[in-house]
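In what follows, a structure is listed as C-alpha cells, so that the remarks can point back to it.
What's counted below: heavy atoms across the whole structure, side chains too, no hydrogens, waters or symmetry copies.
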Amino acid sequence: MGLCSSCFKGSSADFTTPDMETRRRQQVEAAERRQREQENRGIKNPERVKKMQLRSEELDKLEMQANRTNQEGGLKWQVS
C-alpha cells in the first residue's frame, strides 16, 4: 500500500506566517488566557472567591483603621 504524497502537499500560500505585530498580539492574548485559566483552576465558583477576597480586604482595612484610632487616643479607661 502506497500513499500518494502529492495529495498531502498544499500550496505555499496556505502556510503564510503573520507579521510580527500580529504574532505578538496573538501571543499576548494566549498568555492572558492561560493566566486566567490557571487562576480559576480547581475553583468551582470563581465569583464567590472574588467576593470573599474583597470582603477579607475590607475587613483588613477596617481593622487597620480601628488600630489607628486606638493609637491616636480613642477610648480611655478609668478604673476607680
Side-chain angles (χ1 to χ4, degrees):
M1 290 189 149
L3 294 173
C4 180
S5 62
S6 65
C7 297
F8 296 112
K9 291 183 181 178
S11 66
S12 63
D14 293 341
F15 300 106
T16 59
T17 58
D19 63 345
M20 292 301 286
E21 186 62 32
T22 305
R23 282 187 71 193
R24 285 186 187 127
R25 184 178 43 80
Q26 290 173 343
Q27 288 174 343
V28 167
E29 290 171 358
E32 290 172 351
R33 185 179 64 246
R34 285 191 303 269
Q35 186 175 9
R36 284 192 307 267
E37 291 172 355
Q38 186 67 23
E39 288 174 355
N40 293 332
R41 180 171 292 187
I43 300 174
K44 290 182 181 179
N45 190 355
E47 291 298 320
R48 183 171 183 238
V49 172
K50 288 180 184 178
K51 287 180 184 178
M52 289 173 62
Q53 287 174 343
L54 289 174
R55 176 86 171 131
S56 173
E57 290 173 3
E58 290 174 8
L59 290 174
D60 289 342
K61 287 180 184 177
L62 289 173
E63 185 177 321
M64 290 181 70
Q65 288 176 353
N67 287 337
R68 280 191 217 135
T69 57
N70 287 341
Q71 291 174 355
E72 293 174 358
L75 297 175
K76 294 183 180 180
W77 290 77
Q78 288 185 348
V79 179
S80 55

Legend entry - Contacts of type salt bridge (Lys or Arg N to Asp or Glu O under 4.0 Å), residue Arg36, not counting sequence neighbours: none
Legend entry - All side-chain contact (heavy atoms from CB on, under 4.5 Å) counterparts of Ala30, not counting sequence neighbours: Arg33, Arg34
Legend entry - CE-OG1 distance between Met20 and Thr22, expressed to the nearest 0.5 angstrom: 10.5 Å
Inset, instruction - Using side-chain contact (heavy atoms from CB on, under 4.5 Å) as the criterion, list what pairs up with Glu39, not counting sequence neighbours. - result: Gln35
Do any side-chain atoms of residues 48-63 form donor-acceptor pairs under 3.5 angstrom with protein atoms, and if so which ones, sequence neighbours left out?
none

Legend entry - Residue list, salt bridge (Lys or Arg N to Asp or Glu O under 4.0 Å) with Glu29, at least two apart or on another chain: Arg25
